[in-house]
Amino acid sequence: MWPWTPVPKNGEANVVNSVSTLCGGCCGISVRKIDNRAVKIEGMPGYPGSDGKACPLCLSGLQKLYGPTAVSSPLKRVGERGQGKWKKISWDAAIAEIAEKLGRMREDGRPQGLACIMDRECGTVPALFQRFLQVYGSPNFMKTASVDDAYELTLKLMHGVAARPGFDLESADYVLSLGSGILDGWGSTVRMFRARARWQENNAKVVQVEPRLSNSAAKADQWIPIEAGTEGVLALGIAHVIIKEGLYNKAFVDEFGVGFEDWVGKDGKKHDGFKTIVLKHYSPSTVAGITRVDPDIITETAKAFAAASYPLALCGRGEGRTPGALHDFMAVHALNALVGNVNEKGGVWAVPLPDYVQWPEAKLDMAAERGLATDRVDGAGTERYPLAKSLLTRLPEIINAAEESPVEALFVSGANPCYTLPDTAVAKAAFSKIPFIVSFASHMDETAMMADLVLPDHGHLERYEDIPAPSGMNTPVIGLCRPVVAPQRNTRHVGDAVLMIAKAMGGLVAEAFSWESYQDCLEKTLGDNWEPLLDAGFIHNPKFTPDAWAKAFQTPSGKFAFMSDACSYEAEGAPIAEIEGKADAYPLTLIPYDSLRLAGGPVTTTPFVIKTVEDNVLKGKDIFVEVNRKTGGKCGLAEGVYAHLSTPKGTVKVRVHMSDGIVPGVVAMPRGLGHAEIESYVGGKGINVNELIGPVEDPVSGMDAAWGIRANLTIA
Amino acid sequence: MKQSQGHNRPKKYGMVIDLDKCTGCGSCMVACMAENNVPFKKDETNKRDSITWMKVYKLTNGKPFPENDVCYLPRPCMHCEGHHGHSPCVSVCPATATDYSTDTGIVSQIYTRCFGCRYCMAACPYHARYFNWWDPVWPAGMEQMLSPDVSVRMRGIVEKCSFCFHRYQRAMDKAHLEGRHELAEDEYQTSCTQACPSGAITFGDLNNPEHKVHQMVKPDNAHGGRPQAPNAFRLLERLGTNPKVYYLSTREWVRKAGDNSIKGEGKAHAKH
Amino acid sequence: MSALEEKSKAVSDGGGFALLFFVVGLVASLIVGWVVFPKILYSQKRQPFDFNHKLHNELVDEGCESCHFFREDGSYAGVPKLAQCVDCHESVQGDTEDEAIFVNDYVTPGIEVPWLVYSKQPDCVFFSHAAHVKSAEMDCKTCHGDIGNSSTLKVYEENRITGYSRDIWGKNIAGFKKNTWDRMKMDDCSECHVKLGVHQNSVQTGKGACFVCHQ
Amino acid sequence: MDSALIPQGVRRCSLGKFAFFIGIVGAVLLWGVYAMLLCWLKGLNQTNMNDYYGFALWIWADLAVIALGGGAFFTGFLKYIVGKDELKNIINYAVLIGFICYSSALLILAIDIGQPLRGWFIFWHANVHSMLTEVAFCLSCYFAVLSIEYLPLVLENRQLNKVPFFHNLAHNMHEIMAVFAATGAFLSFFHQGSLGGVAGVLFGRPFSFREGAFIWPWTFFLFTWSAAAYGPCFTLALTKLIEKVTRKKLVGDKCVDLLAKISGWMIFTYIIAKIADTYYWATVTAPEGGFTLMDFYSNNPMYGIWILVLEIVIGGIIPALILITKKGRRSPFLLVTAVIFGCIGVSVNRWVMVLQVMAVPVMPFDTWAMYYPSWQEVATTILPVAYGVILVALSYRYLPIFPQEKELNY
């Protein structure tokens, strides 16, 4: 009838269940197929957390599968870095080239020159990389950090355990979100939505503390607008009221807490306890001065929080892409501890890290041992930052400061640091100094553009993978990502690629990888769990309960540490992470904001999802920043005008959206735009907010504590 | 030949959207596009030339900081019943390319019949109808994701939400095979209903007292389907379009934003 | 002859010529319209190889549905896939040339047979086999004719403009039909629906609304 | 050179001058044709129309030319049915203008639809409930009638008229023209009305929605009435224009005066009805939908209350008062002022009934939709004007359009 309009072929309908890895929350999905074509993604009923629903990004996953950015075969760079000029090469040639390069580095005694960047550290695929680095002789496995890392560190310090945070959200009856985008992608996205529905049914109260009227704030029972970056201070202000009024859980604090009262450290000196510090420095009026939250609201909130049966305080800003200041996390966790809801119903649980990847210890040769003994290139685990596991945000500066890049060869898989790292320009400069970069991206992205070789992984609907523990899940879960359709292009599973490289290297490196293929590795790793996993699509232990207080804490004192030697509050002042820029040159503050309608992480938004973005966020190729109507008026701005937004990192041209839903003095910019123009549905539109914000090192953890940057907005 | 299938009790499929639950995440929009082979262009920021059968509006109470409040309002096709089935758009179509079914209450459409006069768009106060200004183009290979259940539309015609009627057809196929003539409530659900992670959308037969939608809004069929539940309202109730999409909100300003009020009190302002 | 007579003769001569002209024109038009036009309009396509419905029908237990079956979800599978045939036809059974083509060209290499489907409707059409065959208990013949007793496949004629099979418009170019299976146009669906009073649910026409037969 | 074709006893400019004039207008026409082809081949994305403005500039042009072309049917009605014989002096010209307007309208409709190849569906799958169906049928039929009315005029060309068959045909057609005029008037009453109905039935659009009688909203009757009232204004305006261009008197004062008087009284009565309609709409119909009058005229950059004043006072009351007074219509300046104001008045009425309908937000959280046409739309809209000018020029040069020309000038 209309020959250039496609007519979809009909056939037999069938459904494949899998887990979508596009979003951070890992939605369980059911893919409807017609014969061999996948035609629709829906939520997978019964999947822990998402249970039949999926986030917009995962729902549009077919646009990734069949999309134009999928890499169709191994590529070798022929042009300049980032120029996007490639030639197709065979898998064998690519693997041989890598093996040859790595072999030479190892012979030259510099195996530590190899680094690996991923977006996860749990599961078999990260484990394969970690094992490869280990037998090869490099300590430099790095992971893009998120709130989960800050939370893990908090649990390490306050509980003394290596665990990840789990939140018994569904049971909470008072939720105090200190900046967390609980409906904007924080945690396991869809689970948060379902939890919110539960709160509504149970008449639980939700209070959102945030500078901007985000979706999370709009749907909360109460929005407390706050000065940007001061959420941790408010937590302590609330703690002040709770302590002062004696509303805290004495059974927990007295019996299972340490450092609440004044305490004596290892140095033999007496230190102020949590109580003293909080009472001294965080009275509602002081806190009100910093946070600009009315003292009465602080008091009311504190009372309501303490009075609730299952109060739960959450932190980690927005979607949780940047870890934030450790102090904030500890303050909020202390607040939870004050009301005794750690490892309790409706509270924060320490959930053991997944431990199903148990492989025989690999044999190491001398070269490997020597390499592993060197300091990590990012400084994690060194004397300066003993607590951190990896500090990717420090890497660019270190590479740029060195004459020759300490990283000589780099593997990147799952991550897109050239887009997600703060101060993108500096990150890209660092990457261009790295002599040899191998990207395992399934889709062309900013980092793959910087690579020398691209060894394309199967797309997320074409491969097997174990997906452990969605963020914030309070019960152990392993999901199975499985092929919905056969690989559409000349790609290999990244696990297989690692096996191939190892085998090409020979020697002990090859010996450490005895599996025939990645699938073989996965099946053997899961052992008895494989069949159930294959049948149900996931393994879940819904009956899991955390350790009771009596044995939950493995700090030196065996108690919950409000304060300890490892980490104590400064006696004076408020622990707000300083941001870059001087107030006189930059009178405003730029903060990024997250939305489910834009993917802010390593995965680029899909055409369907960007179609849902409103025209006062993106219009044509112009990005809008949100600014308070009054602030904007003072700057001489009006709705929709073009303006120059400058920060110490640079100046960009933006358009202005005047809003009544944002605190004065703050400029908010969406995260997830400004991608390289690899395709023109999403690429080349707007500005990447990471270009404008540099990293700020947390003094204790070393992780990125930046929550914004000083900025100025002038009419263009 | 048996004739029994024609004599089922007439249904009135409708939707109830709880605006207190809707978080504006956009899942319904994406699920709708993916289900219904909705085309996409390189630039979709001109919202008056962007096909979104399901569109989420952002409403604000118009108050200054910090009293400002927003509410999201998903707007599918309202499948207006109008007076006796003469919905605003159906009666104006010169080529009978769109129709109102008394069996299901659905405003149906034949894409290959439409010749693109756009009169129905002018008639629809909800802007639920969209014109294919451009040829639909899928990047090479992406046409593989198209569903065979929904006909792909060509340039120059009007399209809109069908309440995923192909899902009804699919469910009825199964029912026929099993010797049934009636569908259970959960057998026919729209894609957006199924996708909404907040559970804000409920879909079913408004005529059936056992269906959730009926219980939630208690439509008064004697008075043009007016909702009798306290927090329920319909968009532009006063115009007499008799829509089958109902909204729920506990917030008064939201309920008032659903219709024009002559005194001008409580009027919402679009967030622009 | 008087002038008058002459004139009238001229008129009658002229009239005869005009009549002849009219008749010739009419005949030519009819030939063009009824014979030439359909020839130009439809291209003739052969099936990949011939198929004997009658022969197969005698071998199966459940009539048409043995091969043209319903899937569990109520959808209709239509033309059988290779997998259904392979059970018997893994190797050549009989001695027909067509079977040899089938086995050698399709079964052995595992290629689906690109059958041309006579009754294929445009993609905007929704037709529920389940509703007609199961609920209304109609037989296949009513719409498809007695294919089950045919021993050979007819030539597939494709409309060059629309790409549709001629079976949709019908053999008769004027659209007349003698049997229920002579045509498969919307009017034919509607004719039966009107007669039986099924789905007469349109507010506009009093007949079937769009979505009864469209998707 | 072409003197053999020019009607006897009248003088025309040189062929070169004429060709030069046609060449310039022809260039504009070609520009329009190019734009039209773009719209057909590349689709309506060539326009600035959008999902809010499904109807825009050229639909307004369509409605406007039909209203202005209404002079043809109403003059015909007056001459043939009512028996105002004096109007024979202007009827040819009125028919010509009508023919141009209606053929343009049909062309615009053919460009406006998204699937022009399916245009015939409006007849084949006609929906009798739709006002647009009524428009399409009546418009096509009336165009056929106008063609029949225009044909004898063409046949009266000096050379064509030498052919006995053509001569007789033209003569016989003139004899029975009353039948066609009556048919045309009847059809016209309907389709002018149904064009009004197009907007009036939109009960989802409170700006245009009107109550009415039977199946017809009040706009149905108002459109017919206004076309009858203002159509002659346009005929007179164009007569004055062509007289100015040719520097000749082409229609006798008596005829002009009669038509002006009739037009004046029609406008006068129409505007009373329009005011009554507006009052009822503003106080009853719109408030029932939740709107006050000023909701339709404020908070936007374009549609202020001035537009209502322009339509009713400047385009209605003033021309009506001028034309119904003898002094007014006999003053050349006032007469021209009145007919121009009249044309503006009816054009503004059609404008608001097409474009303002689209612009007014109906959902409380929606915003005013503003629109400006693309060059393709402008060119396509100008196309009929150029075509009209050419057709008038050709007709004036080669056909005896103005029977009084000789007697008034030589």
Side-chain angles (χ1 to χ4, degrees), chain A residues 1-2 4-11 34 37-43 53-56 59-60 62-63 65-68 183 190 193-194 196-197 200 213 215 218-219 223 225 596-597 607-616 618-620 628-630 639 660-664 679-681, chain B residues 20-27 29-31 33-35 37-38 40-47 50 52 56 58 60 62-72 112 135-136 138-148 150-155 191 194-200 271-272:
Chain A
M1 190 71 192
W2 218 244
W4 54 87
T5 300
V7 176
K9 216 168 160 286
N10 210 340
I34 297 295
R37 301 189 295 121
V39 297
K40 173 82 193 293
I41 297 181
E42 282 153 14
K53 309 288 179 182
C55 73
L59 286 176
S60 64
L62 295 179
Q63 295 195 313
L65 172 65
Y66 296 121
L183 298 177
V190 177
F193 277 78
R194 301 180 62 82
R196 181 184 170 270
Q200 231 167 358
L213 185 63
N215 287 5
K219 302 316 289 187
W223 170 43
L596 282 185
R597 301 193 191 179
F608 275 161
V609 175
I610 201 155
K611 201 172 164 177
T612 69
V613 172
E614 284 171 82
D615 60 357
N616 53 24
L618 178 73
K619 180 85 185 170
N628 183 288
R629 198 174 292 282
K630 278 194 189 132
E639 179 67 32
D660 291 310
I662 189 165
V663 297
E679 41 78 344
S680 26
Y681 293 92
Chain B
D20 293 338
K21 285 187 179 166
C22 172
T23 63
C25 70
S27 284
M29 294 172 79
V30 172
M33 293 184 230
E35 176 81 17
N37 297 338
V38 174
F40 49 92
K41 305 190 298 289
K42 292 192 169 164
D43 184 358
E44 292 280 8
T45 60
N46 176 5
K47 297 303 176 192
S50 177
T52 43
V56 178
K58 189 176 184 179
T60 116
K63 289 190 180 165
F65 176 86
E67 270 89 48
N68 194 253
D69 193 7
V70 302
C71 177
Y72 290 95
T112 42
D135 268 313
W138 281 264
M142 233 199 257
E143 70 285 342
Q144 288 208 72
M145 62 182 278
L146 296 175
S147 158
V150 185
S151 184
V152 178
R153 284 76 60 190
M154 57 291 290
R155 184 230 284 167
S191 179
Q194 185 192 26
C196 177
S198 311
K271 191 133 188 173
H272 271 292

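The sequence lines fix the lettering, A, B, ..., with proteins before strands; numbering per chain opens at 1. Just so it is clear, the model here is predicted, and its values are computed rather than measured.
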Okay, side chain of B/K42, backbone of A/S680: is any donor-acceptor separation there less than 3.5 Å? no

Begin from the C-alpha positions of A/D660 and B/E67 and carry the test side chain to side chain contact (heavy atoms under 4.5 Å, CB included) through to its verdict. CA-CA 8 Å; A/D660 291 310; B/E67 270 89 48; over 6 Å; no

Whether B/T45 side chain and A/G620 backbone form a donor-acceptor pair below 3.5 Å: yes

Between A/E42 and B/Q194, is a side chain to side chain contact (heavy atoms under 4.5 Å, CB included) present by the stated rule, with each step listed? CA-CA 8 Å; A/E42 282 153 14; B/Q194 185 192 26; 3.1 Å; yes

Non-hydrogen atoms of chain A under 4.5 Å away: do they reach the side chain of B/A140, the backbone, both or neither? backbone

CD of A/Q63 to CE of B/M142, rounded to nearest 0.5 Å, is 5.0 Å

Just by modelled atom types, is the A/T5 backbone N or O under 3.5 Å from a matching donor or acceptor in the B/R155 side chain? no

With side chains defined as the heavy atoms from C-beta onward, is the minimum distance between A/L59 and B/S27 less than 4.5 Å? yes

Within the distance-only criterion (no hydrogens, no angle test), does the side chain of A/K219 pair as donor or acceptor with the backbone N or O of B/C22 below 3.5 angstrom? yes

B/S198 vs A/K53, side chain to side chain donor-acceptor pair (under 3.5 Å): CA-CA, chis, key distance, verdict: CA-CA 9 Å; B/S198 311; A/K53 309 288 179 182; over 6 Å; no

Could you walk me through whether B/V56 and A/R597 pass side chain to side chain contact (heavy atoms under 4.5 Å, CB included), step by step? CA-CA 12 Å; B/V56 178; A/R597 301 193 191 179; 3.6 Å; yes

Highest number of heavy-atom pairs under 4.5 Å with chain A: which of B/D43, B/V38, B/D20? B/D20

Please tell me if the side chains of B/Q144 and A/P8 come closer than 4.5 Å, counting only heavy atoms from C-beta onward. no

Between A/E679, A/K9, A/R196, who has the most heavy-atom pairs with chain B when the cutoff is under 4.5 Å? A/R196

Any A/Y681 side-chain heavy atom under 4.5 Å of B/P139 side chain: yes

Is there a side-chain contact between A/L213 and B/V70, using heavy atoms and a 4.5 Å cut-off? yes

With respect to chain B, which residue among A/K611, A/K40, A/K630 yields the maximal number of heavy-atom pairs within a distance under 4.5 Å? A/K611

Specify the closest pair of heavy atoms between B/L146 and A/P6, including all atoms of both residues, with the distance to one decimal. CD1-CG, 3.6 Å

Does the B/K21 side chain pair with the main chain of A/Q200, one donor and one acceptor, at a distance under 3.5 Å? no

Winner by heavy-atom pair count (cut-off under 4.5 Å) against chain B, out of A/P56, A/G11, A/S60: A/P56

Verify side chain to side chain contact (heavy atoms under 4.5 Å, CB included) between A/D615 and B/K47, making sure each step is shown before the conclusion. CA-CA 7 Å; A/D615 60 357; B/K47 297 303 176 192; 3.8 Å; yes

Given A/I41, A/L65, A/I34, the one with more heavy-atom pairs under 4.5 angstrom with chain B than any other is A/I34

Report yes if the side chains of A/K619 and B/N46 come closer than 4.5 Å at any heavy-atom pair, otherwise no. yes

Heavy-atom distances under 4.5 Å only: say whether A/L62 touches chain B with side chain, backbone, both or neither. both

Check whether A/R629 reaches the backbone of B/F65 with its side chain - one donor and one acceptor, N or O, closer than 3.5 Å. no

About how many Å separate CE of B/M29 and CZ of A/F608, when rounded to the nearest 0.5 Å? 11.5 Å

Do side-chain atoms of A/N215 reach the backbone of B/T23 as a donor and acceptor pair under 3.5 angstrom? yes

Engaged part of A/N628 at the chain B interface, taking heavy atoms whose separation is under 4.5 Å: side chain

Verify, without hydrogens or angle tests, whether B/E44 (side chain) and A/V613 (backbone) share a donor-acceptor contact under 3.5 angstrom. no

Check each atom of A/V7 against the heavy atoms of chain B and say whether the ones under 4.5 Å are side chain, backbone, both or neither. neither

